[in-house]
Engineer: 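The structure's right below; bear with me while I get my questions together.
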Amino acid sequence: MFRSLLAATTALTVLAQPAAAFPVGPAQDGSRGIRPGQTVQGELRRGDDTLDSGEYNDTWTFRVRAGEAYQVALSASAFDPYLLVRGPGGLSEDNDDDPAARGSRDSRLSFTAPADGEVEIGATSYEPGETGAYRLTLEAAGAGQARPDAGQASSVIAVGRTVGGSLAGGDEQLDSGEFIDSWTLRGRRGQQLDIRLTSTAFDPYLMVRGPDDFSGDNDDDAGVDDSRDSRLLITLPADGEYQISATSYEAGETGAYRLAVLDGAGVSAPRPASEAPSARPARGGEVALGEAVSGALAGGDDTLNSGEYVDRYRFSGQRGQRVAVDLTSSAFDAYTMVITPSGEQFDNDDGEDGTNSRQELVLPEDGDYEVQVTSYRPGETGSYRFSVEAGREPPRQAVVPGGPRVFALMVGVSDYEGDINDLAFTDEDARKLAEVLRRDGSLNDASIVLTNADATVDGVRDAFARVAAEAGPDDLFLFFFSGHGDQQPTAVSGLEPDGKAETLSLFDGDIDDTELASLFASLDTRLALLVVDACFSGGFARNVVDRPGVMGVFSSEEDLTSAVAGKFQAGGYLSHFVRAGMSGEADGDGDRLVTAGELATYLRRQFRVEVEDVQATTQEGQRNYQNLVIDRGGVQVDDVIVRLPLEMGA
């Protein structure tokens with residue numbers, strides 16, 4: 001959630017006092033200042049200033065000097081607190097919930113001032129229109145949890161959090177004499193991290209240690225010439241605890257620092273600025289992929305309707321092509337707008353350093369693209385460097401191998417023995433999915449298809465174990481089922497709040513949601529995908545999608561039936577659309593990767609169009625409509641489900 005912090009004064013008056021003396025009423029002087037070590041009391045109420053997104057906001061200010069570290073905490077019982085911090089040197093921090101307090105709605109963040117000046121703290125709410133009393137506390141680093149407590153080996157840090165700390169006499173020391181603060185991060189295999197350590201007081205040095213003897217060190221950020229700040233881009237090799245250590249290059253160095261642990265998915269490895277290609281002079285016109293040009297915004301240039309000077313460049317691209325649009329300037333705050341051949345527009349203000357602009361795009365169509373090189377504010381002028389380069393796959397995508405890496409157990413039952421009625425096409429659903437994946441070169445030979453009389457309870461258990469044993473950490477495991485589903489009475493619990501266990505109806509018996517969860521727990525794969533096209537299938541989500549790397553797709557909610565998709569000659573609508581999506585129709589951006597996000601979007605879109613009016617019933621006869629259920633769990637939007645073969649001529 002992006003929020004704009006308004007600095008206007010509100011009608012609210014509050015009193016700033018030391019933390020030990022919590023105020024009981026507003027002050028008479030209308031003071032809006034706050035000092036380190038103080039707690040202030042305020043109230044969000046109707047008539048206060050509001051953010052652009054509609055939330056009421058109170059602004060508190062205090063002066064800082066570069067390198068000073070602080071911690072801000074906002075608590076309230078009447079609304080969900082949200083903190084904003086804006087200040088000199090591009091300081092911009094937001095926080096919704098305190099990551100160190102599980103289940104708490106209170107907000108807490110830490111920061112280190114990058115420059116001298118005035119900092120504004122916005123005390124606001126998560127939702128627009130929320131009101132009520134709050135308490136705001138400002139502490140200098142070391143007074144609270146902004147750095148590891150003295151005498152402790154480490155403190156906890158989470159991805160997305162920035163903390164301020166200080167190396168000081170009395171801290172733990174390395175054998176070589178450097179002071180060190182350590183932070184513990186709970187990570188998962190394949191997770192991409194961008195870790196940054198900055199300080200104006202000493203030469204920062206980063207160290208990361210973790211499972212499987214993982215070790216990563218960095219002295220200076222390779223992407224910034226002459227920088228002393230430290231940066232690591234890493235991929236975690238295993239689930240477990242990682243120790244992130246902030247230390248110095250020289251023994252005995254002390255002072256304030258800022259440590260940020262960011263999501264590194266999609267972040268390209270930094271390239272030294274000294275290695276940047278030379279740029280030809282230009283003021284708009286054609287630019288080739290991989291070419292860099294130099295130009296300047298100046299009085300007399302074309303302007304946007306909002307008053308900013310603009311130079312326009314064009315390049316030719318193809319659907320699915322990855323490009324990086326870069327604009328850097330030391331004279332103004334860079335801003336780029338990329339306009340597609342059909343007129344869609346992509347804007348970007350700030351890159352990783354806060355004032356330059358970088359857009360990494362997968363081109364959505366063939367044709368000529370326009371890039372408008374401009375500034376964030378009207379009237380800004382000065383020289384710039386602009387380039388359009390071939391982009392890279394995000395790191396978490398680039399490491400996914402192609403070829404036959406889908407290890408699948410595909411089960412379809414049409415012919416049932418006993419009193420269960422037979423179904424049309426459900427056995428074909430399993431066979432056709434296998435054919436599509438094999439034709440595209442994705443299906444590993446270890447995969448198994450079981451239909452009808454072969455799809456027994458013991459047969460599925462044995463096949464699951466055999467395929468799972470072949471699948472490794474680089475692979476996708478797919479369990480697909482099309483057939484009857486049922487519900488059986490069971491004890492009411494957190495997993496079964498309705499007192500019903502969901503089952504897959506096989507040729508000679510059932511496998512329930514608890515057993516299927518146990519089978520999935522045995523996997524050691526990059527991702528696992530569960531697709532169930534059966535009545536009541538949504539109930540499997542709570543049991544199976546309960547660990548990292550597991551995604552579930554289900555044809556109906558847990559108390560509703562699923563229909564046969566006769567018009568598609570398929571046992572179920574989900575079976576038909578999953579087959580089409582994994583064969584390439586879900587590849588929305590044309591990059592020959594079907595990601596978790598793309599597959600989910602494609603399936604939802606197809607269900608809205610084709611299954612909107614398909615009726616469904618509960619076991620008790622209540623009537624509703626068949627609705628798709630997708631649970632990605634911990635699977636990220638850009639996680640790759642299947643890598644498609646390159647098209648002819650690509």
Side-chain angles (χ1 to χ4, degrees), residues 3 5-45 48-49 51 56-76 81-95 98 100-101 106-125 132-147 149-150 161-168 198-201 254-259:
R3 304 183 184 215
L5 178 58
L6 302 179
T9 303
T10 72
L12 175 68
T13 57
V14 293
L15 177 64
Q17 294 185 358
F22 188 81
V24 295
Q28 299 300 315
D29 62 2
S31 172
R32 305 292 298 178
I34 187 172
R35 295 192 304 275
Q38 286 188 312
T39 294
V40 294
Q41 179 176 275
E43 182 181 0
L44 297 183
R45 60 187 182 187
D48 283 355
D49 283 335
L51 303 176
Y56 297 120
N57 178 68
D58 288 349
T59 302
W60 300 84
T61 63
F62 71 105
R63 301 288 300 180
V64 298
R65 299 189 67 177
E68 292 177 342
Y70 297 93
Q71 182 174 245
V72 188
L74 178 65
S75 60
Y82 196 102
L83 270 173
L84 304 163
V85 173
R86 304 289 186 265
L91 175 63
S92 179
E93 300 282 354
D94 293 25
N95 179 263
D98 181 356
D106 291 341
S107 178
R108 181 189 301 271
L109 63 80
S110 302
F111 67 93
T112 299
D116 296 351
E118 186 173 78
V119 170
E120 293 182 347
I121 301 173
T124 183
S125 61
Y134 64 81
R135 181 171 63 178
L136 178 70
T137 300
L138 173 66
E139 297 175 339
Q145 300 175 359
R147 61 178 299 259
D149 295 329
R161 189 179 178 200
T162 299
V163 296
S166 180
L167 297 183
T198 61
S199 175
T200 59
T254 60
Y257 63 80
R258 186 184 186 196
L259 174 67

Engineer: Would you mind reporting whether Glu120 and Thr61 have side-chain heavy atoms less than 4.5 Å apart?
Structural biologist: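 A side-chain contact exists here, since the closest heavy-atom pair is under 4.5 Å.
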Engineer: Would you check if Leu74 and Val72 make a side-chain contact, meaning some heavy-atom pair closer than 4.5 Å?
Structural biologist: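 Of all side-chain heavy-atom pairs linking Val72 with Leu74, none is under 4.5 Å.
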Engineer: Quick one: does Ser199's side chain have a donor or acceptor within less than 3.5 Å of a partner on Ala256's backbone?
Structural biologist: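 Answer holds: yes.
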Engineer: Taking all atoms of both residues into account, what is the closest heavy-atom pair of Val119 and Pro88, and its distance?
Structural biologist: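 That closest heavy-atom pairing would be CG2-CD, 4.0 Å.
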Engineer: Measure across Pro81 and Ser107 and return the closest heavy-atom pair with its distance rounded to 0.1 Å.
Structural biologist: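 Nearest heavy atoms, Pro81 then Ser107: O-CB, 3.9 Å.
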Engineer: Whether Arg135 and Asp106 form a salt bridge (side-chain N of Lys/Arg under 4.0 Å from carboxylate O of Asp/Glu) is what I want to check.
Structural biologist: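 No, no charged N to carboxylate O under 4.0 Å.
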Engineer: Show the nearest heavy-atom pair for residues Tyr70 and Ala140, with the distance to one decimal.
Structural biologist: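 Scanning both residues, the minimum pair turns out to be CD2-CA, 3.9 Å.
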Engineer: Rounded to the nearest 0.5 Å, how far apart are OG of Ser166 and OH of Tyr257?
Structural biologist: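 Here the interatomic distance stands at 7.5 Å.
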Engineer: When you look at Arg86 and Asp94, which way does the salt bridge (charged side-chain N to carboxylate O under 4.0 Å, His left out) test go after all the steps?
Structural biologist: CA-CA 9 Å; Arg86 304 289 186 265; Asp94 293 25; 2.8 Å; yes
Engineer: Looking at every non-hydrogen atom in both residues, tell me the closest pair between Ala168 and Thr254 and how far apart they are.
Structural biologist: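 Reported closest heavy-atom pair: CA-CG2, 4.0 Å.
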Engineer: To the nearest 0.5 Å, what is the distance between CG on Asp58 and CG on Asp49?
Structural biologist: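 One gets 8.5 Å once the value is rounded to the nearest 0.5 Å.
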Engineer: For Gln71 versus Arg108, what's the shortest heavy-atom pair and its separation?
Structural biologist: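 Minimum heavy-atom contact is NE2-NH1, 3.3 Å.
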Engineer: Are Ile121 and Leu83 packed together at the side-chain level, in the sense that at least one heavy-atom pair is separated by less than 4.5 angstrom?
Structural biologist: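 Result yes, sub-4.5 Å side-chain heavy-atom pair found.
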Engineer: First locate atom CZ of Arg45, then atom OH of Tyr56, and finally report the distance between them rounded to the nearest 0.5 Å.
Structural biologist: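 The distance works out to 11.5 Å.
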Engineer: Do Thr39 and Leu136 pass the side-chain contact (heavy atoms from CB on, under 4.5 Å) test, and can you show the C-alpha distance, the side-chain angles, and the key distance before you say yes or no?
Structural biologist: CA-CA 6 Å; Thr39 294; Leu136 178 70; over 6 Å; no
Engineer: Are the side chains of Val40 and Trp60 in contact, using a 4.5 Å heavy-atom criterion?
Structural biologist: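 Counting from C-beta outward, Trp60 and Val40 do come under 4.5 Å.
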Engineer: Between Phe62 and Phe111, how do the two ring planes meet: parallel, tilted or perpendicular, split at 30° and 60°?
Structural biologist: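 It falls in the tilted class, 30° to 60°.
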Engineer: Using the rule given for side-chain contact (heavy atoms from CB on, under 4.5 Å), can you reason through Leu44 versus Ser125, listing the C-alpha separation, both sets of side-chain angles and the distance that settles it, and then say yes or no?
Structural biologist: CA-CA 9 Å; Leu44 297 183; Ser125 61; 4.2 Å; yes
Engineer: Between Asn95 and Leu109, is there a donor-acceptor pair closer than 3.5 Å when you use the side chain of the first and the backbone of the second?
Structural biologist: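 No: the side chain of Asn95 does not pair with the backbone of Leu109.
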Engineer: List the atom of Gly255, the atom of Ala201, and the distance in Å for their closest heavy-atom pair.
Structural biologist: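 The pair with the smallest heavy-atom distance is CA-CB, 3.7 Å.
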Engineer: To the nearest 0.5 Å, how far apart are CD in Gln38 and CG in Leu138?
Structural biologist: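 So the CD of Gln38 and the CG of Leu138 are separated by 8.0 Å.
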Engineer: Thr124 versus Leu84: any side-chain heavy-atom pair under 4.5 Å?
Structural biologist: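 Of all side-chain heavy-atom pairs linking Leu84 with Thr124, at least one is under 4.5 Å.
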